[in-house]
Protein chains: 2
Amino acid sequence: MPQPPASTAQRFIDDYLLYLMARASHLISSEFHDLLRRRGISVPVWRVLASLVGSQGETVTGLAETCLLQQPTMTKLLDRMVRDGLVKRMQDTRDRRVVRVALTTRGEVMATELVQLARQHEAEVLARHPEAEAMAIKSLLRGIVARQAKPRRG
Amino acid sequence: MPQPPASTAQRFIDDYLLYLMARASHLISSEFHDLLRRRGISVPVWRVLASLVGSQGETVTGLAETCLLQQPTMTKLLDRMVRDGLVKRMQDTRDRRVVRVALTTRGEVMATELVQLARQHEAEVLARHPEAEAMAIKSLLRGIVARQAKPRRG
DNA sequence: AAGGGATTAATGCGTTTTCATATAAACTTC
DNA sequence: GAAGTTTATATGAAAACGCATTAATCCCTT
C-alpha cells in the first residue's frame, strides 16, 4: 500500500461535491464493471444494451445522450455492436435521416441476463448503504466513498 | 429536439442506481467541464491539478487512483503535463522506485485559479439543489437528473 | 413549391486511453 | 547477503475517443 497523501484531511477534492459524486459513482460502478469485464463486455456496450431493453428502437443521438457519449463515438460503438450481432440498424419510416437501433435476439438475451445481474448488484449496494435514505448528499457521498474504498483495483 | 423514447417512464435504467449516479455526476460535471474546455484544459489535467493543490508530492499510482484513471494512463498524462510545465517529477528520498509529482509554479497558479472557479461553481450547484440536504439518494439523484437535464450539449 | 436554416448520422484525423508486458527498486526470508 | 517476491513506474501496440466536417433529409418561411 502506498503512503497516505502528505496532508490527509485537507485536500480540496475530498470535500468537493463534483469529485465526491464522480468518485462514488466510479467506486460503486467498478464492482459491476468488473463483472462485465470477466464476461468480456465493455461498459459502453452494457450501457447500450441496458438502454435498449424494452425499446422498439432508439435513435443514435438519443442513445449517445443516454449513454453519456458523443454521437460519433456512439456511431462507431454501434458499428462494432452490429458486427458482433448485438444490435441492428433500421430506417425510421417517417424521417429518413433517423436510424432506429434495436436489439437483435442475441442482444436481447444478453441484455436481459445482464439487467438481472445489475438488479442483483443494485440490491446488494443498497443493502450495504442503509443510511442512504436519510443523509445529506455530501456526507452521504463521502460516506460511500469512504466505506466503498478500494474493494480491489479500481 | 428528438422524439422521446418509445416507452418514456418504463426504462430499466431510469430507476437504476448506478445509472442515476453516473448520469447525475456527468450532468453536473459537464457544466464545469465546459468551462475547462473553453480554457483549453482537459478533465484529467484538471483532476491532477486539483489533486496536487496543497500537496508536497503525490505518487503516480496515488494520483491515478485519485483521478480515477489507470496507472499507465497517468504516466502518459504526467508526461504531457511535465512537457507543458504544469508539474514536475521528483525522486522520493526513501524509496527510489517512487516518483513524487508536484506542481510547478505555473501549475500552482493555474490550479489555484481553477479551484476558486470550482468552488464558485459548486456553490451554484448546491444553491440550485436545495433539497439535496434531506432527500433519499435515489429520488435525490433522479431529481438532479431531471432538473439538470440538458442545459446544452452534454 | 423552393430555398435557407436546422437536424440526423457518418467519416477522417489526431490524440488519448487501455491492455499487456517490461524494467527497476525495495522488501522478505532463509 | 543473495534469491525470490512484491511494489512502482514505464513502454509499446491496438483500440477508443473527441472534434470538425460532410452528406442527406426535414422544416419553415415566403
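Keep in mind it's a predicted model, so treat the numbers as computed, not measured. Every chain is numbered from 1 and lettered A, B, ... according to where its sequence line falls, protein lines coming before strand lines.
Between B:Arg94 and the phosphate of C:dA25, there is no side-chain N or O to OP1/OP2 separation shorter than 4.0 Å. An OP1 or OP2 oxygen of D:dA10 is reached within less than 4.0 angstrom by no side-chain nitrogen or oxygen of B:Gln71. Using a 4.0 Å cut-off, no side-chain N or O of B:Thr59 falls inside it from OP1 or OP2 of D:dA8. Residue A:Thr61 places at least one side-chain N or O closer than 4.0 Å to OP1 or OP2 of C:dA9.
Two residues are said to be in side-chain contact when any heavy atoms from C-beta on lie closer than 4.5 Å; A:Lys88 and A:Val101 fail this criterion.
Here the P atom of nucleotide C:dT17 and the CG atom of B:Leu69 are 7 Å apart, to the nearest Å. Rounding to whole angstrom units, CD of residue A:Glu65 and P of C:dA9 are separated by 11 Å. Computed from coordinates, the A:Leu77 CG to C:dT17 P distance equals 19 Å when rounded to whole Å. With rounding to whole Å, A:Asp79 atom CG is found 15 Å from D:dA15 atom P. Regarding B:Glu58, its CD atom lies at a distance of 14 Å from the P atom of D:dA8, rounded to whole Å. Distance, B:His26 NE2 to D:dC17 C1': 13 Å, rounded to whole Å. Atom-to-atom, CD of B:Gln91 to P of D:dA10 comes out at 10 Å; the value is rounded to the nearest Å. If you measure from atom CZ of A:Arg89 to atom C1' of C:dT8, you get 13 Å, rounded to the nearest angstrom.
Comparing C:dA9, D:dC17, D:dA8 against the side chain of A:Lys76 picks out D:dC17 as the nearest. Comparing C:dT16, C:dA9, C:dT18 by their nearest atom to the side chain of A:Val60 picks out C:dA9.
Across the interface with DNA chain C, nearest-nucleotide mapping of B:Thr73 and B:Arg97 shows B:Thr73 to be the residue nearer the 5′ end.
Note on B:Val48 and B:Leu36: same hydrophobic cluster, where clusters join Ile, Leu, Val, Met, Phe, Trp and Tyr whose side-chain heavy atoms are under 4.5 Å apart, directly or indirectly.
The main-chain N or O of A:Leu103 is never found under 3.5 Å from a side-chain atom of A:Glu108 such that the two would form a donor-acceptor pair.
No hydrogens or angles were tested; on distance alone, nothing pairs the side chain of A:Arg96 with the base of D:dT25 as donor and acceptor under 3.5 Å.
Across all strands, B:Pro72 comes closer than 4.0 Å to base atoms (heavy-atom distances).
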Assess whether side chain to side chain contact (heavy atoms under 4.5 Å, CB included) is satisfied between A:Val53 and A:Leu114, documenting all intermediate values.
-> CA-CA 10 Å; A:Val53 168; A:Leu114 291 174; over 6 Å; no

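Inspection of the A:Glu65 and A:Thr61 side chains reveals no N or O donor paired with an N or O acceptor under 3.5 Å.
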